[in-house]
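Here is the structure we will look at.
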Amino acid sequence: MSGSTVMTSCNGPLMTNYARIGHAAQQVFPDILQDIIAIKEPQHRLYSDVTSNCSSPSKGWNFHTPPAANEILPGDDIERIRRTRNEILHRGNAKVSDTNLTDYFTTFKDIAIRLEAYLGKPKGEFQQKFQNLEKCCMDEITEKTYLESLTILRERDINLSKAVENIQKDLDSLLYKESHQIVIEEWEEQNKLFIKTDAVDFVLESLKEMNCCTVIGTSGIGKSATIHHVALFLRDTEGYRIIPIHSPSEIDKYFQRNRKQIFVIDDICGKYTVIQTEVEKWIKRNDSTNRVLKHNSNENESEQERQTREDFIEDCGIPRNTLRQRILEQLKSLVPLFVRSNNDLSGQQSFLRFADNEMLNERTMLKSLVSTDEDVEEFTILIDEFNEDRYFKRIVDQWSSGKLASLLYSRQMNYETYRNKLINFLNRLPKEKCKEMMTIEIDKEVVQFNFIDDSCSGSLPVSPLSLSFKRNFSDLVKYILDFIKNTKGESFSFYL
């Protein structure tokens with residue numbers, strides 16, 4: 001045949017077979033489809049114009065099942081090309097056996113014969129291309145080119161699908177936003193006359209505990225007004241987006257991850273009497289609705305709790321879709337055990353961010369203060385020098401929150417070198433921050449002094465000064481006194 005190069009048969013490896021069908025999908029079929037487009041339109045028109053230049057498939061475009069063997073309209077073959085292209089592009093296994101290759105090319109050649117007749121092409125013009133591609137020897141460079149093209153096309157297709165999905169969500173949001181807003185504005189107007197009752201607090205508490213609440217009662221007692229008021233309250237105080245809905249299918253439609261949403265439905269199963277068809281809708285959607293409710297159960301936590309949880313999950317490399325209950329179960333299984341540090345940088349940083357204060361005080365030591373020949377207590381976590389600033393930031397947070405006793409009685413405080421490091425870090429803080437820390441007092445707790453141990457007696461409120469004096473930390477006492485201007489006060493004269 002003129003313009004064709006007949007190559008000798010050569011059985012290639014499985015990946016070569018994949019390259020063959022890949023070339024058919026990304027080169028031969030698009031050429032055929034361009035000929036179909038050219039029936040009525042110039043060749044620069046888009047691929048999608050094919051559908052306007054021939055009959056529709058017997059069952060329509062994108063039907064849930066592929067065309068049957070006896071459905072051979074041009075539209076059916078174009079639908080076959082579309083489905084085959086997607087199947088090849090998204091194959092989980094890139095290895096195609098000789099048997100599978102034969103099946104693919106039998107289908108390809110059947111399509112080619114029918115479309116030759118439809119377009120009035122010379123017999124064999126399309127078919128010969130597939131016959132050559134099926135049997136030819138393919139050099140490594142050509143094979144590599146086709147395989148790389150398939151990979152690029154697959155990645156583009158996946159990214160495009162995600163982009164289309166996101167755009168569709170945005171369009172849905174924009175399309176229905178105005179209608180939702182009209183309803184919400186009516187609620188706002190009615191809410192001006194609303195008088196709060198105990199039912200409001202009950203609904204709010206129920207939502208926090210169960211993530212879902214149904215308000216029932218006789219007609220006219222204010223059920224709708226109550227749930228509208230609660231929705232508006234959550235919008236104004238916690239930033240929830242109100243979604244008025246009429247059926248359970250709209251929950252799936254408008255649900256968005258990582259966004260605060262409150263779905264509000266009036267007369268869930270009928271206004272005056274129960275409508276059986278409405279009940280059946282909720283039964284049918286029960287599983288999908290429960291999935292959304294379980295996912296959104298995390299919304300009940302505070303912003304600080306949420307951020308801490310997400311930071312912890314990210315630092316530990318835990319998949320974000322892991323159920324919080326599952327994480328808690330695993331963490332509880334570790335109690336009362338301690339995990340020995342492997343000095344992993346990210347793991348140690350996570351520990352410094354999330355560890356309990358008591359563990360931080362009793363189970364850590366600065367690695368820079370431990371000599372090479374020193375025996376360290378088992379399960380002690382040695383804090384690397386490059387993490388010391390993070391460590392002392394935790395100490396400052398603990399100090400500022402008034403957790404003074406456990407801090408100043410920690411085992412590291414016994415070492416003068418440690419206290420010097422602490423003082424050096426404090427010197428890097430703003431003076432106002434230091435003064436605030438040095439003058440903090442815990443009125444409800446006291447430090448007891450006795451003549452035998454302290455050479456004085458009495459009691460003082462817990463403060464950095466009183467505890468440092470009690471512990472005989474003269475370096476810290478001196479440092480703290482520098483921040484106390486009134487040295488004639490009761491507490492200072494007591495020490496004198």
Side-chain angles (χ1 to χ4, degrees), residues 1-36 47 50 54 57-59 61-158:
M1 182 176 172
S2 177
S4 299
T5 302
V6 181
M7 301 183 183
T8 57
S9 178
C10 169
N11 289 326
L14 301 182
M15 288 296 291
T16 302
N17 289 344
Y18 182 52
R20 294 179 195 279
I21 64 173
H23 181 58
Q26 61 183 303
Q27 187 63 52
V28 183
F29 275 132
D31 288 345
I32 294 173
L33 295 175
Q34 281 288 351
D35 283 342
I36 296 175
Y47 179 95
V50 173
C54 65
S58 301
K59 297 175 183 174
W61 301 108
N62 202 27
F63 193 66
H64 64 273
T65 58
N70 63 342
E71 294 171 343
I72 53 174
L73 294 174
D76 293 319
D77 282 330
I78 292 171
E79 178 68 3
R80 286 187 179 94
I81 292 173
R82 185 188 70 82
R83 288 172 179 266
T84 302
R85 179 260 184 195
N86 289 340
E87 177 188 334
I88 293 171
L89 202 59
H90 297 287
R91 274 179 65 95
N93 183 2
K95 296 180 180 179
V96 178
S97 67
D98 289 340
T99 301
N100 287 339
L101 184 73
T102 299
D103 292 340
Y104 271 114
F105 274 89
T106 298
T107 301
F108 295 167
K109 287 180 282 188
D110 288 344
I111 294 173
I113 292 170
R114 289 191 292 268
L115 291 181
E116 284 172 355
Y118 173 68
L119 294 171
K121 296 286 184 179
K123 185 177 180 180
E125 181 174 334
F126 294 158
Q127 185 184 14
Q128 187 66 43
K129 293 181 180 180
F130 289 113
Q131 288 176 341
N132 292 342
L133 182 60
E134 181 182 11
K135 301 296 184 181
C136 72
C137 287
M138 187 176 290
D139 61 80
E140 290 185 9
I141 296 176
T142 303
E143 177 184 329
K144 182 179 179 181
T145 300
Y146 291 155
L147 291 175
E148 288 177 350
S149 297
L150 279 171
T151 301
I152 293 171
L153 282 172
R154 180 165 55 251
E155 290 175 353
R156 287 178 180 173
D157 203 59
I158 292 171

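With hydrogens and angles disregarded, a donor-acceptor distance shorter than 3.5 Å links the side chain of Glu116 to the backbone of Gly124.
Taking OG1 of Thr84 as the start and CD1 of Ile88 as the end, the distance is 6.0 Å to the nearest 0.5 Å. How far CZ of Phe126 is from CD1 of Ile32: 5.0 Å, rounded to the nearest 0.5 Å. Note that CD1 of Ile111 and CG of Asp76 are 10.0 Å apart. Values are rounded to the nearest 0.5 Å. Between the CG atom in Leu101 and the CZ atom in Phe108 there is a gap of 8.5 Å [rounded to 0.5 Å]. Taken to the nearest 0.5 Å, the CG atom of Asp77 stands 5.0 Å off from the CG atom of Leu115.
Not a single side chain to side chain donor-acceptor pair (under 3.5 Å) links Lys129 to another residue, sequence neighbours left out. In terms of the side-chain contact (heavy atoms from CB on, under 4.5 Å) criterion, residue partners of Lys59 (sequence neighbours excluded) are, by chain and number, Phe63, Thr65, Glu71. In this structure Thr102 satisfies the side chain to side chain donor-acceptor pair (under 3.5 Å) test with no other residue, sequence neighbours excluded. For Asn70, there are no side chain to side chain donor-acceptor pair (under 3.5 Å) partners two or more places apart in sequence or in a different chain.
Minimum heavy-atom separation, Pro67 to Arg80: CB-NH2, 3.7 Å. Of all non-hydrogen atoms in Pro30 and Ala25, the two that sit nearest each other are CD-O, 3.4 Å.
Considering Leu33, Ile81, Leu133 as possible partners of Val28, the one that fulfils the side chain to side chain contact (heavy atoms under 4.5 Å, CB included) test is Leu133.
Under the 30°/60° scheme for interplanar angles, the aromatic rings of Phe105 and Phe130 are found to stand perpendicular.
Contact annotation: the side chain of Thr16 approaches that of Arg20 to within less than 4.5 Å [non-hydrogen atoms, C-beta and beyond]. Contact annotation: the side chain of Arg85 never approaches that of Phe29 to less than 4.5 Å [non-hydrogen atoms, C-beta and beyond].
A salt bridge does not link Glu87 to Arg83: none of the charged nitrogens lies less than 4.0 Å from a carboxylate oxygen.
Residues in residues 101-110 take part in these salt bridge (charged side-chain N to carboxylate O under 4.0 Å, His left out) pairs, two or more places apart or across chains: Lys109-Glu134.
For the residue pair Asn100/Asn17, the side-chain donor-acceptor check at 3.5 Å is not satisfied.
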